[in-house]
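One is the number of the first residue; the rest follow in order along the sequence. Just so you know, ligand 1 is whichever comes first in the structure, and atom 1 is the first atom listed for that ligand. What you see below is based on every heavy atom in this structure, not just the backbone, and it leaves out hydrogens, waters and symmetry mates. Every value quoted in this text rests on a predicted model; they were computed, and no experiment measured them.
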Amino acid sequence: MDREELGIVFDHAARFLRSLPERPVRPEAAVAELRTELGLPLQPESIPAADVIRDLIAAAEPGLMGTTSPRFFGFVIGGTTPVALAADWLTTLWDQNAGLYASAPAASVAEETAARWLVDVLGLPPGTSTGFVTGGQMANFTCLAAARDHVLAEAGWDVERDGLQGAPRIRVIAGEERHSTIDRALRYLGLGETTARLVPADEQGRMRPDALEETLVEEDAPTIVCAQAGNVNSGSFDPLRPICEMSRQAGAWVHVDGAFGLWAAASPRLAHLLDGHDLADSWATDGHKWLNVPYDSGFAFCARPEAHRRAMQVHASYLIHAEDAERDPMDWNPEFSRRARGFAVYAAMRALGRGGITEMIERGCDNARRFADRLATADGVEVLNEVVLNQVLVAFGDDERTQEVVRRVQADGTCWLSGSRWRGRAVMRISVSNWATTADDVDRSVGAILAAAEAAQRLS
Ligand SMILES: *Cc1c(COP(=O)(O)O)cnc(C)c1O
């Protein structure tokens with residue numbers, strides 16, 4: 001290869017991918033070491049590309065978290081399927097600016113195709129519009145911008161032209177277990193992050209429809225209801241059918257944050273968890289979590305394309321706007337210039353096929369169930385949630401011991417997961433969202449977790 005730096009990356013990639021199943025999942029280096037290796041002064045002279053790439057690999061590798069390891073169970077992260085990685089490399093190689101059809105025709109069409117597949121696989125109403133965004137945060141933002149536009153338009157106010165100053169007040173209602181990105185999206189939208197009326201949740205973290213009903217009738221105002229499919233701790237689902245039906249009745253917009261939970265729609269076995277989700281007005285989900293495409297990738301879906309487009313579109317005199325028949329991605333997402341992230345989504349979905357997507361989602365849930373079943377039989381170990389999806393919450397006696405077990409598992413390196421708090425208790429939080437995780441990975445990880453629990457016990 002006459003581009004030496006690319007050859008180096010290619011060799012490193014092969015080695016890195018081969019090492020994933022066995023290398024420690026945790027990073028090896030502490031911050032001081034990384035600063036020594038990476039934190040260099042910017043030198044006056046140029047350095048050949050191949051040398052820079054070689055140095056970068058050597059300096060960064062000890063500081064890499066094994067997020068694409070089959071035994072990474074932290075947060076809700078997901079790995080990268082080989083085909084998605086390959087398509088993502090092409091995306092970088094081609095370096096298309098996916099803002100406009102005129103600057104990236106193939107990217108625009110790959111995106112509209114992937115959008116069609118997504119709407120279908122996720123069980124959303126035909127005609128739903130899609131924005132390809134950086135993740136769940138921006139998907140929530142985009143959907144709630146459309147919601148803000150629509151509920152104010154219904155009240156005779158053009159928020160895109162006139163902003164919020166002097167506008168009718170919007171009432172936002174959200175579950176008390178909403179994800180923090182909902183509050184942040186509301187902040188970005190000028191609605192304030194403490195504006196939402198919070199509806200109490202049940203013991204699994206699901207919004208209580210009876211409590212929502214009481215809140216809805218309190219006042220007649222432009223209203224946005226934020227529901228959730230897939231609680232970030234327990235994996236539970238708000239009861240979407242009653243939520244959507246009573247919100248519709250009240251003339252409210254329903255937004256569903258389904259960053260990973262929306263993927264339950266791909267499985268006939270799991271779809272009941274989402275019953276009624278197609279009655280909502282907008283939905284947010286991620287590609288970089290359960291679809292296992294590389295960062296960054298999320299989707300904003302809207303059943304009211306006019307509101308979605310009004311909230312996002314842009315006009316400038318030098319832009320070449322597409323004919324009606326062509327799709328300008330920037331009309332559907334908040335970015336202007338943008339990476340053509342639709343290529344990886346297109347490739348990932350095509351390689352898996354409908355059946356492969358279903359199987360990947362169900363496999364994740366089966367492995368979460370396996371974690372729960374094996375851990376629950378051990379002495380002094382409690383599984384605290386109903387394992388309905390891919391999330392498992394585990395306690396090891398008191399908070400201190402649970403936190404100590406989490407620390408020991410992280411340091412051991414067989415697998416990686418993190419802690420959280422659930423209903424007033426410290427928990428170990430296990431999220432299975434990597435396509436490559438096998439039953440054997442679960443068993444090895446259970447072994448490491450139980451060994452850590454035993455060591456923590458001996459200590460106390
Ligand atoms: C992860 C997550 C988000 C945020 O998504 P990002 O892709 O990290 O921006 C929002 N809501 C829920 C329920 C999530 O799990």
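Of the protein's heavy atoms, Gln137 N, 2.7 Å lies nearest to atom 9 (O) of ligand 1. Atom 11 (N) of ligand 1 has its closest protein heavy atom at Asp257 OD2, 2.7 Å. Ranking the protein heavy atoms by distance from atom 14 (C) of ligand 1 puts Lys289 NZ, 2.9 Å first. What sits closest to atom 6 (P) of ligand 1 on the protein, heavy atoms only, is Gly136 N, 3.3 Å.
Counted within 6.0 Å of CD on Glu203, heavy atoms from surrounding residues, nucleotides or ligands total more than 12; the atom is thus considered enclosed. In Tyr295, the OH atom is crowded: over 12 heavy atoms of neighbouring residues, nucleotides or ligands sit closer than 6.0 Å. Atom CZ of Arg369 has more than 12 neighbouring heavy atoms from other residues, nucleotides or ligands inside a 6.0 Å radius.
Put simply, the residue from Asp412, Asp440, Asp441 that forms a salt bridge (Lys or Arg N to Asp or Glu O under 4.0 Å) with Arg71 is Asp441.
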Candidate pair Trp332 and Phe299, rule ring pair (Phe, Tyr, Trp, His ring centres under 6.0 Å), full reasoning: CA-CA 10 Å; Trp332 307 100; Phe299 316 109; over 10 Å; no

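The atoms of ligand 1 that sit less than 4.0 Å from any heavy atom of Phe260 are 15 (O). Proximity to Gly135 (heavy-atom distance under 4.0 Å) selects the following atoms of ligand 1: 7 (O), 9 (O). Taking every heavy atom of His288 and a limit of under 4.0 angstrom, the matching atoms of ligand 1 come to 7 (O). Atom numbering of ligand 1 starts at 1 in the shown order; those under 4.0 Å from a heavy atom of Asp286 are 5 (O), 6 (P), 7 (O). Residue contact check: Val232 has heavy atoms under 4.0 Å from atoms 15 (O) of ligand 1.
Polar contact with ligand 1: absent for Gln228 (N/O pair, distance under 3.5 Å).
Not close to ligand 1: Val76, with no non-hydrogen atom less than 4.0 angstrom away. For the pair Gly230 and ligand 1, a heavy-atom separation below 4.0 Å is found.
From Arg304, atom CZ reaches atom CG of Asp281 across 5.0 Å, with rounding to the nearest 0.5 Å.
Between the side chains of Arg339 and Thr134, no donor-acceptor pair of N or O atoms lies under 3.5 Å. Under the 3.5 Å distance criterion, with hydrogens and angles disregarded, no donor-acceptor pair is assigned to the side chains of Ser103 and Asn97.
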